[in-house]
A.B. asks: 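My structure is below; once you've seen it, I'll send some questions.
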Amino acid sequence: MSWLKQHGKSLSLALALLLALAWYSRPVDVYGLIPGVTQADVLSLYSRPLGPEHHSDGPSAIRELYPEDPEWDAALTALEALRFRRPPWNLLLQFLPQNGIRARVTQDGDQHVLFLLGQEDGNYVQVQFFIDSWSCSSPNSSRSLPLWVPDSRETGEALAEVLRPLMETD
């Protein structure tokens with residue numbers, strides 16, 4: 001009992017830290033990634049199939065959608081259905097400088113999808129799926145922070161397939 005009394009504050013602090021990290025890395029929707037973003041007033045979408053050596057394996061699709069657009073509901077539903085987990089070390093990474101660009105080898109069938117949900121007040125959340133990994137822009141720096149998504153590659157490819165027809169213009 002004496003040992004517990006002596007180390008009670010340290011144990012309480014360690015438990016509080018573990019609980020905070022577990023809460024931070026819980027699954028969240030796209031609005032849970034960046035504090036202050038609670039709705040979308042504009043969607044900027046970008047999708048591109050990749051081939052070997054980053055060559056495009058088809059047409060890139062770029063589109064900006066607004067609530068009055070007929071594709072708005074379908075696109076927003078697809079993006080809001082995603083669930084992300086933030087690695088606990090993102091809390092520190094967002095304040096550290098980024099270490100240059102990592103080269104990734106692309107193959108036929110790889111996808112690059114980027115979307116931005118913006119608000120009228122200027123707040124936004126930007127998420128990117130590239131080949132098999134997900135990242136989110138940090139509001140505190142220009143750094144991309146990693147995200148964990150269940151079945152990362154399959155989820156990204158499915159999102160690209162849902163968004164591509166919505167981004168086609170007449």
A.B. asks: Heavy-atom distance under 4.5 Å between the side chains of Ser135 and Leu145, does that happen here?
C.D. replies: no
A.B. asks: Quick one: are Pro87 and Pro146 in side-chain contact, heavy atoms under 4.5 Å?
C.D. replies: yes
A.B. asks: What's the shortest heavy-atom distance between Gln111 and Ser47, and which atoms?
C.D. replies: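 The pair with the smallest heavy-atom distance is OE1-OG, 4.3 Å.
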A.B. asks: Are Val149 and Arg83 close enough that some pair of their side-chain heavy atoms sits under 4.5 Å apart?
C.D. replies: no
A.B. asks: Side chain to side chain contact (heavy atoms under 4.5 Å, CB included) for Leu45 and Phe115? Distances and angles first, verdict last.
C.D. replies: CA-CA 5 Å; Leu45 306 170; Phe115 62 89; 3.7 Å; yes
A.B. asks: Run Trp148 and Phe84 through ring pair (Phe, Tyr, Trp, His ring centres under 6.0 Å) and show every step you take.
C.D. replies: CA-CA 6 Å; Trp148 296 330; Phe84 306 96; over 10 Å; no
A.B. asks: Any donor and acceptor pair, going by atom type alone, linking the side chain of Asp121 with main-chain N or O of Asn123 inside 3.5 Å?
C.D. replies: yes
A.B. asks: Looking at CG of Leu163 and CG of Leu79, how far apart are the two atoms once the value is rounded to the nearest 0.5 Å?
C.D. replies: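 If I round to the nearest 0.5 Å, the distance is 5.5 Å.
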A.B. asks: Identify the heavy atoms of Leu159 and Ala78 that sit nearest to each other, and give their distance.
C.D. replies: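 Smallest interatomic distance, heavy atoms only, reads CD1-CB, 4.2 Å.
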A.B. asks: Check Ser137 against Tyr124 and note the closest heavy-atom contact, atom names and distance.
C.D. replies: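 Between these two residues, the closest heavy atoms are OG-CE1, 3.8 Å.
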A.B. asks: Verify side chain to side chain donor-acceptor pair (under 3.5 Å) between Tyr66 and Glu64, making sure each step is shown before the conclusion.
C.D. replies: CA-CA 7 Å; Tyr66 297 93; Glu64 208 162 83; 2.5 Å; yes
A.B. asks: Check the pair Tyr46, Gln128 against side chain to side chain donor-acceptor pair (under 3.5 Å), reporting the backbone distance first and the verdict last.
C.D. replies: CA-CA 9 Å; Tyr46 169 84; Gln128 177 173 228; over 6 Å; no
A.B. asks: Measuring from atom CZ of Arg48 to atom CZ of Phe130, what distance do you get when rounded to the nearest 0.5 angstrom?
C.D. replies: 7.0 Å
A.B. asks: One pair to check against side chain to side chain contact (heavy atoms under 4.5 Å, CB included): Leu65 and Val42. What are the steps and the verdict?
C.D. replies: CA-CA 6 Å; Leu65 296 173; Val42 62; over 6 Å; no
A.B. asks: To check you understand the geometry: which heavy-atom pair defines the closest contact between Arg63 and Leu166, and what is its length?
C.D. replies: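 For Arg63 versus Leu166, the nearest heavy atoms are NH1-O, 3.0 Å.
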A.B. asks: Arg86 side chain to Gly32 main-chain N or O, any donor-acceptor pair under 3.5 Å?
C.D. replies: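 Looks like yes, one N/O pair under 3.5 Å.
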A.B. asks: Can you check side chain to side chain contact (heavy atoms under 4.5 Å, CB included) on Leu147 and Phe129, steps first, answer last?
C.D. replies: CA-CA 10 Å; Leu147 296 171; Phe129 166 74; over 6 Å; no
A.B. asks: Within this structure, what is the CG-CG distance for the pair Asp73 and Asp69, rounded to the nearest 0.5 Å?
C.D. replies: 10.5 Å
A.B. asks: Indicate the atoms forming the closest heavy-atom contact of Leu76 with Leu117, along with that distance.
C.D. replies: CD1-CD2, 4.1 Å
A.B. asks: If you compare all heavy atoms of Asp41 against all heavy atoms of Pro67, which two are closest, and at what distance to 0.1 Å?
C.D. replies: O-CD, 3.3 Å
A.B. asks: Would a distance-only check, ignoring hydrogens and angles, find a side-chain to backbone donor-acceptor pair under 3.5 Å from Gln119 to Gln39?
C.D. replies: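 Confirmed, Gln119 side chain pairs with Gln39 backbone.
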A.B. asks: Flag yes if Ile62 and Leu114 sit in one hydrophobic cluster, no otherwise; membership is Ile, Leu, Val, Met, Phe, Trp, Tyr, and two members link when side-chain heavy atoms are under 4.5 Å apart.
C.D. replies: yes
A.B. asks: Could you give me the CA-CA distance, side-chain angles and deciding distance for Val127 and Val113, then say whether side chain to side chain contact (heavy atoms under 4.5 Å, CB included) is met?
C.D. replies: CA-CA 8 Å; Val127 176; Val113 176; over 6 Å; no
A.B. asks: What is the distance from atom CG of Leu15 to atom CG of Leu11, rounded to the nearest 0.5 Å?
C.D. replies: 8.5 Å
A.B. asks: Any chance you could measure Leu33, atom CG, to Gln126, atom CD, to the nearest 0.5 Å?
C.D. replies: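 The CG atom of Leu33 sits 12.0 Å away from the CD atom of Gln126.
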